[in-house]
Every structure is written in C-alpha cells, then in structure tokens.
> 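The structure's right below; bear with me while I get my questions together.
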Amino acid sequence: MAEMIAAQRFNLRENINLPIYGAVTTGTIWQFLILEGNLLCIDLREYYIRDTEKLLAMSVSSISGISRLPRCRVSATLGVY
C-alpha cells in the first residue's frame with residue numbers, strides 16, 4: 001500500500017489523477033488492490049498461480065486501465081497523507 005500511495009503522490013505532482021492498481025503476492029497466491037483518491041479497495045479473493053488465465057486477466061485489465069476489481073470486498077478511506 002505504501003508504494004501505491006507513493007505512486008499516487010508522484011502522479012499528482014505531475015497533475016495526473018489516475019487510479020493506482022496494486023497486487024500482493026506470496027509467489028503462489030495473489031490479491032489485487034486499487035487506490036482511487038483516498039479510497040483503497042481490496043479484493044479479498046485469492047488468485048492462485050495455477051489459475052494463470054484468471055491471474056493474467058487481472059493483470060492485463062489493471063495495465064490497460066479499462067477494468068476495475070470485479071467486486072470490492074473491503075474498502076477503507078485513507079486519512080490525510
């Protein structure tokens with residue numbers, strides 16, 4: 001999450017206001033996040049390395065910026081940073 005906030009701050013200094021996509025992985029299990037403004041959305045579903053099709057689909061959609069997380073399972077409003 002810290003890297004996502006840093007990327008958002010960098011973008012804002014350049015007057016770029018886009019969602020920041022992130023992933024957390026153990027190497028075999030992946031989870032995805034999105035930061036928009038001060039709202040952090042976490043998809044609690046776990047994507048396994050053996051499900052490469054799903055994993056690649058999530059990665060491609062975040063790179064292209066055309067898709068959001070399928071369902072925001074947890075969201076948190078971040079304080080002033």
Side-chain angles (χ1 to χ4, degrees):
M1 182 172 65
E3 292 89 351
M4 294 172 71
I5 293 171
Q8 184 183 56
R9 285 183 175 180
F10 177 84
N11 285 347
L12 290 175
R13 279 197 305 256
E14 301 295 321
N15 293 319
I16 300 169
N17 189 14
L18 296 172
I20 304 296
Y21 295 87
V24 177
T25 183
T26 64
T28 56
I29 301 171
W30 291 67
Q31 287 183 287
F32 294 91
L33 308 87
I34 183 171
L35 176 62
E36 291 190 86
N38 65 346
L39 181 68
L40 178 68
C41 181
I42 305 168
D43 184 355
L44 292 181
R45 282 178 288 186
E46 294 179 338
Y47 297 86
Y48 296 90
I49 195 72
R50 67 178 175 265
D51 300 326
T52 54
E53 192 171 310
K54 288 181 185 177
L55 198 57
L56 288 173
M58 289 297 291
S59 299
V60 168
S61 67
S62 65
I63 290 169
S64 65
I66 59 172
S67 177
R68 301 279 191 246
L69 293 175
R71 286 186 297 261
C72 183
R73 300 272 180 100
V74 174
S75 62
T77 304
L78 303 176
V80 175
Y81 49 86

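Scope of the values below: all heavy atoms of this structure, side chains included, with no hydrogens, waters or symmetry mates. Numbering starts at 1 and runs along the sequence shown.
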> Please give me the minimum heavy-atom distance between Gln8 and Gly37, naming the atom from each residue.
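Looks like NE2-O, 2.9 Å.
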> By the rule that ILVMFWY residues connect when side-chain heavy atoms come within less than 4.5 angstrom, directly or transitively, which residues belong alongside Ile29?
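Tyr48, listed by chain and number.
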> Treat each ILVMFWY residue as a node, draw an edge where side-chain heavy atoms are under 4.5 Å apart, and state whether Val24 and Leu35 are in one component.
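Result: yes, single cluster for both.
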> Partners of Ala23 by side chain to side chain contact (heavy atoms under 4.5 Å, CB included), sequence neighbours excluded?
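Here the qualifying residues are Trp30, Phe32.
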> Linking I/L/V/M/F/W/Y whenever their side-chain heavy atoms sit closer than 4.5 Å, directly or via other members, would Phe10 and Leu12 fall into one cluster?
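Different hydrophobic clusters.
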> Of the options Leu33, Leu40, Asn11, which is the one that meets Ile20 in a side chain to side chain contact (heavy atoms under 4.5 Å, CB included)?
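Considering Leu33, Leu40, Asn11, a side chain to side chain contact (heavy atoms under 4.5 Å, CB included) with Ile20 is found only for Asn11.
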> Using 0.5 Å steps for rounding, measure from the CD atom of Glu36 to the CE atom of Met4.
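Nearest 0.5 Å value for the CD-CE distance: 9.5 Å.
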> Answer yes or no: is there a donor N or O on one side and an acceptor on the other, between the side chain of Gln31 and the main chain of Leu44, under 3.5 Å?
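Side chain of Gln31 to backbone of Leu44: a pair is present.
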